[in-house]
Each structure stands twice: as C-alpha cells, then as structure tokens.
Novice: 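I have a structure here, written as structure tokens, and I will follow up with some questions on it.
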Amino acid sequence: MTQMENAPSPGGPEARLRVGNCSGFYGDRPSAMREMLEGGDLDVLTGDYLAELTMLILFKDRMKDPAAGYARTFVAAMKQNMRTAKEKGVRIVVNAGGLNPAGCADAVRELAEGEGLDLVVAVVDGDDLSARAGDLGLGEGVLANAYLGAFGIAEACTAGADVVVTGRVTDASLVVGPAIAHFGWGREQLDEIAGAMAAGHIIECGTQATGGNFAFFGEVADMTRPGFPIAEVGSDGSAVITKHEGTGGAVTRETVLSQLLYEIQDLRYAGPDAVLRLDSLEVSEVGPDRVLVRGARGELPPPKAKVSCTRLGGFRNELEFVLTGLDIEAKADLVKEQMTHAMTTQPAQVEWSLAKTSHTDPDTIERAASILRVVARDQNAVVVGRAFSAAAVDIALASYPGCFLTRPPSGGSAYGVYTAGYVDQGVPSHRVTLPDGRRVTIDPPRETAPLEPLTEVGARPPLPGTAGATRTIELGRIFGARSGDKGGSANVGVWARDDNAYAWLLANLTVEEFKRLLPETETLSVTRVLLTNLRALNFVVEGILGEGVAYGARFDPQAKALGEWLRARHIAVPADLVGSSSEGDLSWPS
C-alpha cells in the first residue's frame, strides 16, 4: 500500500468534520441529496444504498444487464446535484456501486462530461469474492461480498476525489474513511476510529436518527418530513449528531440512542479496522438538535472479515385469504384442505399462517376480518406460478362464505437465501482506483484479535427498585424500543428513560419474560446484552427470520416492528413508575 499522506489535524475535538447522510437504503427520499447540499454547510455527504436484500435486487438487475448492478437512484440524484456539490466543495462518498462500482463511477463521469464539469471520481472495490466462493468454503453458486473497511475510502479522499464510489464496505466506513483522511489517523488510533464508527452507525440509516421510526414519535414536534442527519466528527473521534437548521424531525439523546441500538448484537460492534465497545459510549444533549457522542473505546479488529453470501434459493408465491365473521378457524381449515386438493403439483414447501384480527361484535367489515396467508416455495417456477395461483381461483366459488383475496393471484418470483461467511482479512483484494488511474492495494491490519462475544462487563449494581402498588400497562408507555434484522436473526433494543425505570427493566425483563411476551421467540435462542451506560438492554433473537430477509416468509420479514410488538404487551409495573419516567440525567450513585 502506498503511504497515505496525513492531512493536518485542525486541532482538538472542537474542530470537526461535518459529514451528512442523504440515503439510508436503496429507494430513500429522491430529493435528499439536494436538501442536504442546499440546507447548510457540509464537508462530506454520504449515502448508504446497500442492505442484504439490496444485494439480491442488484444481482437480479445484473442478470438482465451485465452493465447494471449499481444503485441507479444515486446516478439520477447526481445528475441533478453534482454541480452544486462541486461548487460547494462537498465530497460525495457512497456505497452505491453495489456489484458494479466501476460501472457506477463511469455513469457519473459520463454525466459530468456531458455537463462540462470536471468531477474527479475514485472507485473502491475488491469486495466481490463470488468467483472464489467455492474454494473459500463460502458455498457454490453464491454471490459473496466481503465487508471492506475505511482505509480505501481514506486513500481516495487523500488523493483528492470529489466522488468516492464503493462496492460492499461496512456502513460506518462511509464516515470513518473521510475522517481518517481529514485527521490523519493511523491504524493504531483505535479509539478515534471506534468513535467515528459510532457516528457512522448513527447516521447510516438517514432519518432514523432524526425521529424516523422513533418509539416516542408523538413527542417530536414536526414529523411531516424529518431532516437527514449530520455527524460533526472531531479529531478525538467524538461526534455531535445534528441536522440542518429548519428541517423537520428532531435530534435528541433518545433518537440517537434508538439508532445506536439498531441492528447490534453484543457489546462489541465489530468492523474491519477496529472494534467499538458500545458499553464505553456517553450520549448527552449539548443543545437544541445537538447530541454529543463521546468516550468511544476501540479494540483491535478481528482477523476475519465478514462476507455477505446470497444465493438464489428458488421461487416463491403467496396468497392472502380474507376470513370474515364467524368460525374463523373452521374457514381456515377448509381453505387449507381445498387448496391442497386443488394444486396439481405440491410445492416443496407450503407454509400457512392465520392472523386473527377480528373483533367481537364488529362495527366495520375490517374489524370482522382475519387474514389467512399461504406461502409456497419450490425450485421450479412453474410449480409456484400459475399452477399455484390457479388453485385459489378454482375454489373461489366453492369455499367458505365471503371468500376473497387481498389481491389477485399472480405468478411466482425468485427469492434469495442469505448466510454470513468469514474469511481472513487478507483474502479480499481491497483496491482503490485513484483519479489519476493508479490502482492501490490496501493492506489488511497488521494486528488483530479474536472477536469474543461479550454481553456484560463491569455492570453497575441495579439501583433500588420501587415497592408498593402496581399497575398493568403497555410496556411501551414507559420504555422505548428499536428492532431490526441481521441475516436470519433480529435484535430488539429496549431503553429506559430514567434510572428507576432502568432498575426495574434490568431486574424484570429477563430472557424468560421476553419470550413470554413474544411467544414467537419461545423456541429460539435469545441472548440478553446489558448496556448500562445507555440505560438499555439488547435482545438478540437467533433464527427468527429463517434464511434471511430475501427468504421473506414472516409477516414482518425484516423484524422492523418486533420492538413495537414488545411495547404493545401488557406488564405489571410499580405504580410510581407510571407517569414519572422521563428523559433525565444519566447519573448513578457511587
């Protein structure tokens, strides 16, 4: 690797690099890039376009057109905004390259040339291990993309790129890379890198840090159109999370905390360049729409790099029957029997689920209805195509009273299966194509340490609980939650708003109680993680999403609503916790 030029550090933590985000997923708000560029000052604008499901979408695109495989919405946004970005000196750093970062970069260059704009574009790639997947033990016929770190992005920034397009990198690397280049951090500065990782994790999902998907959304004054987040990263790795003045939503300790809890596992948040200790973070409000995140402690990165492995699992189709009124279970049994008999060829997998949403003495037809859902999978598209749909049409006039579907029967579609693989960090050829055409290889970290799971360390003793009368209420009236997917697993982060509520949460929301409240998890492995510094618990539920989001048989396929289901459950709590739990100073008695 060539020696990256160290950009001079502008001083202490008060000298900050302003990094914004304009995309949390492929398909996010089209106007966000313009809003962020025109809304105020920025040094860097990032966009996260890749998720496990997105990789399958891009794979299907590339199967139809070898020149595709990248986020076309990014290119469309650049067409409208690249001149503004260039004139304002805002560097664009995105993972929109997906499976074809060079093609994405070429598309941006072509647009710039057509506008007579001198736009300097660099590419980070080398993540694609698909051709070697079998030899690496990742499986045959899989799409295999390693999660690269931030030093390739940093190299491109140091070389003067206006736009950096990457393939699969860790989401946080989009922030960490520019910070490394700006402050001149070396690989040994683990605390600083870990701090930037925290900032990157907070803003990677866009408006989820500014009030979007926030448990207490009713407390946010303006939720019509939340603004996108900004991380003001300091030379010590601390960051102030904020947003442009005058935009909707809010940046509070809790909106930031809820995003910190999103899609995490244990106390160690691992990346290719460092491991962030989540239990080291301090989160505090320092002004209106300004939240300081500091104290990050970094550890050596793991010797293995994570690999996103996706393969086509077969073909899938689904139908939803509406069951209305009386005898819901009997009607469901009749449909199952009739469909099984009517299908000329039985699919390899058929899954039925009944959601009983009907009410007693319903005053609307919607309140009288329940949904019976059937999902069929097979390696043969014909078996789950019209042959499967036709069975529902055949029984339409011969089944239960009031028979109808939520939508017309249709053909099947391909589905994917996701697994996580691991390879030595030196296996991916982490490369950067610089603006002058030179190709630079980024060396893996020289020092690593095995990644050991960690759910609790140095936890402070619980504060004294409250005694006396209890009240039964929904858990979410006192506690916040945020949930999300991680391969075939999911996490639910739960936080308390004051010390007494956290003491109760710590003592009462055990794994056993969690499983009782969410019966869908009863037979699954659930791990509880203590984040005492954040007054939070994190529950990791293994296997609840089957073979990943692209497999998608579950009603909530990405576990986005798992936390809200938990908050809707009734619990008995001390009466003096009700109405008293509010955001306050996180202080513990000595």
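Along the sequence shown, the residues carry numbers beginning at 1.
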Novice: Donor-acceptor pair, Asn100 side chain versus Ala68 backbone, under 3.5 Å?
Specialist: yes
Novice: Considering only heavy atoms from C-beta outward, does the side chain of Asn21 approach that of Val175 to under 4.5 Å?
Specialist: no
Novice: Looking at Leu562, is its backbone amide N or carbonyl O close enough to the side chain of Ser483 to form a donor-acceptor pair, meaning the two atoms are under 3.5 Å apart?
Specialist: yes
Novice: For Tyr262, give me all partners under side-chain hydrogen bond (donor to acceptor under 3.5 Å, both in side chains), at least two apart in sequence or on another chain.
Specialist: Lys560
Novice: Please assess Glu456 against Arg528 for the test salt bridge (charged side-chain N to carboxylate O under 4.0 Å, His left out), listing each intermediate value before the final yes or no.
Specialist: CA-CA 9 Å; Glu456 179 179 358; Arg528 188 176 88 151; over 6 Å; no
Novice: With rounding to the nearest 0.5 Å, note down the distance linking CD1 in Ile264 to CZ in Arg482.
Specialist: 11.5 Å
Novice: I would like to know whether Val94 and Thr166 meet side chain to side chain contact (heavy atoms under 4.5 Å, CB included); could you show each step before the answer?
Specialist: CA-CA 6 Å; Val94 296; Thr166 81; over 6 Å; no
Novice: Are any non-hydrogen side-chain atoms of Arg168 and Met55 less than 4.5 angstrom apart?
Specialist: yes
Novice: So, Arg477 and Glu474, do they make that salt bridge, N to O below 4.0 Å?
Specialist: yes
Novice: To the nearest 0.5 Å, how far apart are CD in Gln259 and CD1 in Ile202?
Specialist: 7.5 Å
Novice: Just by distance, with hydrogens left out, do Thr210 and Thr207 show a side-chain donor and acceptor under 3.5 Å apart?
Specialist: no
Novice: Taking Asp127 for the side chain and Tyr147 for the main chain, is one N or O donor matched with an acceptor at less than 3.5 Å?
Specialist: no
Novice: Between Gly271 and Pro302, what is the shortest heavy-atom contact and its length?
Specialist: O-CD, 3.4 Å
Novice: Is it the case that the side chain of Ser258 and the backbone of Thr255 share a donor-acceptor pair, with hydrogens and angles ignored and the cut-off at 3.5 Å?
Specialist: yes
Novice: For side chain to side chain contact (heavy atoms under 4.5 Å, CB included), just list the numbers for Asn491 and Phe539, CA-CA rounded to whole Å, side-chain angles, deciding distance to a tenth of an Å, and then say yes or no.
Specialist: CA-CA 5 Å; Asn491 89 294; Phe539 293 87; over 6 Å; no
Novice: Show the nearest heavy-atom pair for residues Cys104 and Phe74, with the distance to one decimal.
Specialist: SG-CD2, 3.8 Å
Novice: Would the distance check show the side chain of Gln346 and the main-chain N or O of Thr340 forming a donor-acceptor pair, the cut-off being under 3.5 Å?
Specialist: yes
Novice: Identify the heavy atoms of Gly543 and Ser489 that sit nearest to each other, and give their distance.
Specialist: N-OG, 3.3 Å
Novice: Do the non-hydrogen side-chain atoms of Thr345 and Asp378 ever get within less than 4.5 Å of each other?
Specialist: no
Novice: Going by heavy atoms in the side chains, are Val164 and Ile92 under 4.5 Å from each other?
Specialist: no
Novice: Testing the basics here: between Val169 and Gly149, what is the closest heavy-atom pair and its distance to 0.1 Å?
Specialist: CG1-O, 4.2 Å
Novice: Indicate the atoms forming the closest heavy-atom contact of Ala107 with Tyr70, along with that distance.
Specialist: CB-OH, 3.7 Å
Novice: A quick test of your reading: do over 12 heavy atoms of other residues, nucleotides or ligands sit less than 6.0 Å from NZ of Lys79?
Specialist: no
Novice: Angle between ring planes, Phe321 versus Tyr400, binned at 30° and 60°: parallel, tilted or perpendicular?
Specialist: perpendicular
Novice: Sub-3.5 Å donor-acceptor pair from the side chain of Gln338 to the main-chain atoms of Ala398, do we have one?
Specialist: yes
Novice: Step by step, work out the side chain to side chain contact (heavy atoms under 4.5 Å, CB included) result for Thr324 and Ile365.
Specialist: CA-CA 8 Å; Thr324 308; Ile365 191 168; 4.2 Å; yes
Novice: Closer than 3.5 angstrom, by distance alone: can the side chain of His201 be matched with the main-chain N or O of Leu260 as a donor-acceptor pair?
Specialist: yes
Novice: Relative to Phe216, does Arg567 satisfy both conditions: NZ or CZ under 6.0 angstrom from the six-membered ring centre, and within 45 degrees of the ring's axis?
Specialist: yes
Novice: Let me know which of Thr455, Val529, Asn538, Val275 forms a side chain to side chain contact (heavy atoms under 4.5 Å, CB included) with Leu267.
Specialist: Val529
Novice: Side chains of Glu52 and Asp485: does their closest heavy-atom pair fall under 4.5 Å?
Specialist: yes
Novice: Give a yes-or-no answer on whether the side chains of Glu542 and Ser525 include a donor-acceptor pair shorter than 3.5 Å.
Specialist: no
Novice: So, applying side chain to side chain contact (heavy atoms under 4.5 Å, CB included) with Val573, which one of Leu505, Thr472, Ile473 is it?
Specialist: Ile473
Novice: Charged N to carboxylate O below 4.0 Å: is that the case for Arg29 and Glu35?
Specialist: yes
Novice: How long is the span from the CG atom in Leu509 to the CZ atom in Arg516, to the nearest 0.5 Å?
Specialist: 10.0 Å
Novice: Would you tabulate the side-chain donor-acceptor contacts of residues 129-142 under 3.5 Å, counting partners in other chains and residues two or more places apart, or write 'none'?
Specialist:
unit_1, atom_1, unit_2, atom_2, d
Ser130, OG, Asp128, OD1, 2.6
Ser130, OG, Ala144, N, 3.0
Arg132, NH2, Val427, O, 3.1

Novice: Side chains of Asp361 and Asp363, heavy atoms from C-beta outward: is any pair under 4.5 Å?
Specialist: no
Novice: Would you find more than 12 non-hydrogen atoms of other residues, nucleotides or ligands less than 6.0 Å from Leu524 atom CG?
Specialist: yes
Novice: Does the Gln379 side chain pair with the main chain of Gly313, one donor and one acceptor, at a distance under 3.5 Å?
Specialist: yes
Novice: Quick check for you: to the nearest 0.5 Å, what is the distance between Leu354 atom CG and Leu323 atom CG?
Specialist: 6.5 Å
Novice: Does the distance from a Lys or Arg side-chain N to an Asp or Glu carboxylate O, for Lys356 and Glu329, drop under 4.0 Å?
Specialist: yes
Novice: Check for a donor-acceptor pair, side chain of Asp266 on one end and backbone N or O of Leu454 on the other, with a separation under 3.5 Å.
Specialist: yes
Novice: Can you tell me how far apart CZ (Phe388) and OG (Ser410) are? Round to the nearest 0.5 Å.
Specialist: 9.5 Å
Novice: Determine whether more than 12 heavy atoms belonging to other residues, nucleotides or ligands lie under 6.0 Å from atom CZ of Arg72.
Specialist: no
Novice: Find the distance between CG (Leu143) and OH (Tyr418) and round it off to the nearest 0.5 Å.
Specialist: 11.0 Å
Novice: Any idea which heavy atoms bring Val335 and Ser399 closest together, and the distance?
Specialist: CG2-OG, 3.9 Å
Novice: Are any non-hydrogen side-chain atoms of Phe25 and Asp48 less than 4.5 angstrom apart?
Specialist: no
Novice: Within a reach of under 6.0 Å around CD of Glu337, are more than 12 heavy atoms found that belong to other residues, nucleotides or ligands?
Specialist: no
Novice: Are the side chains of Cys22 and Thr46 in contact, using a 4.5 Å heavy-atom criterion?
Specialist: no
Novice: Examine distances only and state if a side-chain atom of Asp65 and a backbone atom of Ala67 form a donor-acceptor pair shorter than 3.5 Å.
Specialist: yes
Novice: Apply side-chain hydrogen bond (donor to acceptor under 3.5 Å, both in side chains) to residues Ser389 and Asn317 and explain how you reach the verdict.
Specialist: CA-CA 8 Å; Ser389 298; Asn317 202 349; 3.2 Å; yes
Novice: Within 45° of the ring axis of Tyr422 and under 6.0 Å from its six-membered ring centre, is that where the NZ or CZ of Lys304 lies?
Specialist: no
Novice: Please test Arg373 against Glu318 for salt bridge (charged side-chain N to carboxylate O under 4.0 Å, His left out), starting from the C-alpha separation and ending with a verdict.
Specialist: CA-CA 7 Å; Arg373 186 164 173 258; Glu318 62 183 73; 3.3 Å; yes
